[in-house]
Amino acid sequence: MLEIKNLHVAIEDGSKKILNGLTLTVHRGEVAAIMGPNGSGKSTLSYVIAGKPGYEILDGEILLEGENILEMEPDQRSAAGVFLAFQYPLEIPGVATMTFLKAAMNAHLRAAGSDEIKTPDFMKRVRKAADDLGISQDMLKRGLNVGFSGGEKKRMEILQMALLEPRICILDETDSGLDIDALKVVSEGVNKLRSADRSFLVITHYQRLLNYIVPDTVHVMSKGRVVKSGGKELALELEANGYADYVSDAA
Amino acid sequence: MTIITPIRTQAEAAYISQFPAFEAGLTTRDPAGLKLRRAAFERFVALGLPHRRIEPYHYTDVRALLREVAGPAVHAKHTVALPEMAVLPSALSALEAFKIVLVNGVLDRARSDLGRLPEGVKVHEEAEPAVDGGLADDPMIALNTAFMTGRVVITIEAGIKLDTPLHLQSMIGGAAVAVYPRVTLEVGKGAAVTLVESHFGPDGVAYQNNSLVEIVAGDDAKIDLVRVNAHGKAAADFSTLAVTLGASNVFNAHSFVTGGALSRHQVFLRLEGEHSVVTLSGAMLLNARQHADTTLVVDHAVPNCQSREHFAHVLDGEATGVFQGKIIVRPLAQKTDGKMMSRAVVLTDGATMNNKPELEIFADDVQCGHGATVGALDEDLLFYLQARGLPKTEAEALMLQAFAGEAVAMIAHDGVREALDGAIDAWLKERA
């Protein structure tokens, strides 16, 4: 499914190397959690997979279903099935949420060589997905993420995930800024999307999120590489003992 | 004493050499009007074309930018087949409106809807200017006064409220010509009107438009004015809007620019009655080597008025945008509430934006502010949209539509606003 091999990445101006030979495989249908202290390169990994500009790939490859995606534009990666749920979803004033959702869905359909979605079908799908996540019609009418609370923004990310039906979902600290109720709603939304064909990379600082989105595997990142992999019990161990052991191992 | 003989540019020399024959060819002999024309011409001779050392034209050096000037259209023997010479922008063609059509600056009764104008709306022509434009020191206005070819006077009687807009279509064409339309809009007490002016002509013909619109509003009038510059790509467009408001007016004016190689739109607005609310907005979508200047002077002479300005420039290629906005608050004009914003998106390294907001405040109990931003499209926002599958050009188009749409959203009339949203969309599609 998703294979990351010996990935070395620096910030484009060459000032700082962030990923140092990261290797990671996420199998089809697997939910993999990535944990690690601040500055270990977790968010960079999510951006590099999604294709954010500003990073220089020094070595390595990222294969999605055997195809190297590093040469693709972000929109091509999205069409290929990569979805990044942002830690801080952006506000885009003047772009109505519905307009944006339709543009995104149609871009995916066009990339797949299909016809664009008919407006009544689109409305029906969005309403259903929005209801499941407790997103009001009023929110859909507003500018994208404009004036939304932290929890509303995260729910909007999951709504997009549900509509775009990706193969690999990357959740970048989706739990940050969420109270416990919002965390439950978002986690339920994610769990509904779990399937044998869809993989998840769940990036988080804390074990808490993993009580709701229970992972199959847990990987610890430190200094730009995976230093330890295990089952879900590894998350509990980290919660109890902290990252100190692994950080010093990597040094 | 030294006598300075100014060195004339080719364009200045052309204007000066054209006037005697033009004046001699005028068919009306109204002495007051002729005197105004002659005085304006002499003023132009004394001033020459404005250049960068004249402060209001610092960023738009007409002397350097305007090389050649065509002859006045009214004396040119152009017979033109209209459909070829000028096509109304498609976004506006479906707009339901009463048409007032000018062809090369002269009212064309046959193409206009003068016979079916609503009750209380009158359109007539005056051969001569009534005033010198009130701004005799502006050489471009002086040229309009000197060379104007019939003044179209639109009168909305007191209390008349129109839902359907009036659509002034100023079409220019044939060979290269210079045209000088002048329009006077008189809006009676309590009347309400939307006037759309669309100015258009063929691409590739180096014609010059120099138009002046004067508006005089009675108390409680509501006026929505939307000017669309859809001129051909080689055209020069000099336009002035001179407005005097009464009390409790609601006045909105929007300037939408996609056309012209060189454009200058200036607004002189004077608030002479209390409790009026003014909104000036504009969206300028420019590419290639287009140069478009918007210059505003909003003069608060009385207390308790509000003015809002919001202008958005999208600059592609090697285009240049100029925004100069001055809000004057006179000593008497307490409780003035004025806010001005100019925002520009620069899409290339070759494009330029010049922003010059100014506040001149002589009263002490006012709320005034201004802001100006110039920048590229936000990379993070673009990435966000691309990460959702939108190809880069589509992501940019969505953001630019939102950016320019914010200014267009200030147009009150639904149909006109939708038409201009369509025009933004068309411009973005052409770009992609």
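Naming convention: chains lettered A, B, ... in sequence-line order (proteins, then strands); numbering from 1 in each chain.
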Check: Top residue by heavy-atom pair count (under 4.5 Å) with chain B, among A:Gly51, A:Ala111, A:Ala79, A:Pro166?
Finding: A:Gly51
Notebook entry, point to check: Roughly how far, to the nearest 0.5 Å, is the CG atom of A:Leu90 from the CG atom of B:Leu381?
Noted result: 5.0 Å
Next item on the list: Give me the contact list for residues 113-125 of chain A versus chain B, heavy atoms only, anything under 4.5 Å, ordered by residue number.
Entry: none
Checklist line | Separation between OG of A:Ser78 and CD of B:Gln386, rounded to the nearest 0.5 Å | finding: 10.0 Å
Margin query: Tell me whether B:Lys392 at atom NZ has more than 12 heavy atoms from other residues, nucleotides or ligands lying less than 6.0 Å away.
Written below: no
Check: For B:Glu358, does the CD atom sit with more than 12 other heavy atoms under 6.0 Å from it, leaving out its own atoms?
Finding: yes
Next item on the list: Please check if atom CG in B:Asp163 has more than 12 non-hydrogen atoms from other residues, nucleotides or ligands closer than 6.0 Å.
Entry: no
Check: For A:Gln76, is it the side chain, the backbone, both or neither that has a heavy atom under 4.5 Å from a heavy atom of chain B?
Finding: neither
Margin query: Out of A:Ala107, A:Ala96, A:Gly143, return the one with the most heavy atom pairs under 4.5 angstrom to chain B.
Written below: A:Ala107
Notebook entry, point to check: Taking the inter-plane angle between the rings of B:Tyr384 and A:Phe86 on a 0 to 90° scale, is it parallel (under 30°), tilted (30 to 60°) or perpendicular (over 60°)?
Noted result: perpendicular
Check: Do B:Arg388 side-chain atoms and A:Leu84 backbone N/O form a donor-acceptor pair below 3.5 Å?
Finding: yes
Next item on the list: Answer yes or no: are there more than 12 heavy-atom neighbours, outside B:Asp349 itself, under 6.0 Å from its atom CG?
Entry: no
Margin query: Sort by residue number and list every residue of residues 393-405 of chain B having at least one heavy atom under 4.5 Å from chain A.
Written below: B:Glu394, B:Leu398, B:Ala402
Check: Relative to chain B, which of A:Gln160, A:Met105, A:Arg110 shows the most heavy atom pairs under 4.5 Å?
Finding: A:Gln160
Next item on the list: Could you tell me which portion of A:Leu144 (side chain, backbone, both or neither) has an atom closer than 4.5 angstrom to a non-hydrogen atom of chain B?
Entry: side chain
Note to self: Nearest 0.5 Å, please: how far is CG in B:Leu382 from CG in A:Asp75?
What the structure shows: 11.0 Å
